[in-house]
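Given the structure is predicted, the values throughout are model-derived calculations rather than measurements.
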Amino acid sequence: MAGALALSFLVAVCVLIPAGQWYEVNRARSFDDLSDLYALSLAVQAIAAAIGGWLGDRLFRKWRKRQSDRV
């Protein structure tokens with residue numbers, strides 16, 4: 001869960017917010033353009049959360065395996 005939240009937050013702060021602000025200022029012509037961008041950013045956020053959850057689970061399992069090997 002922590003991995004999903006962490007990666008989702010990093011993607012939002014480092015990629016989606018700056019890209020959204022740039023798009024809004026330079027490319028958006030109407031509210032429909034902004035609503036399409038919003039839907040796309042939600043999809044990217046969901047994918048980042050899924051990948052972050054998977055990555056966090058893998059790292060946690062490796063950490064637990066390493067802990068059990070020491071004992």
Quick one: pull up CG in Asp69 and NZ in Lys65 and give me the separation to the nearest 0.5 Å. 5.0 Å
What heavy-atom pair brings Ala49 and Ala4 nearest, and what distance separates the two atoms? O-CB, 3.2 Å
Gln45 side-chain N/O to Ser8 backbone N/O, donor-acceptor pair under 3.5 Å: yes
Return the CG to CG distance between Leu37 and Leu16, rounded to the nearest 0.5 Å. 8.5 Å
Partners passing side chain to side chain contact (heavy atoms under 4.5 Å, CB included) against Tyr38 (at least two apart in sequence or in another chain): Ser41, Leu42
Residues Val13 and Pro18: closest non-hydrogen pair is O-CD, 3.4 Å
Name the one of Arg58, Arg64, Lys62 that satisfies side-chain contact (heavy atoms from CB on, under 4.5 Å) with Phe60? Arg64
Determine whether a donor-acceptor pair (N or O, by modelled atom type, separation under 3.5 Å) exists between the side chain of Asp33 and the backbone of Arg29. yes
Would you say Trp54 and Leu59 are hydrophobically clustered, going by side-chain heavy atoms of ILVMFWY under 4.5 Å? yes
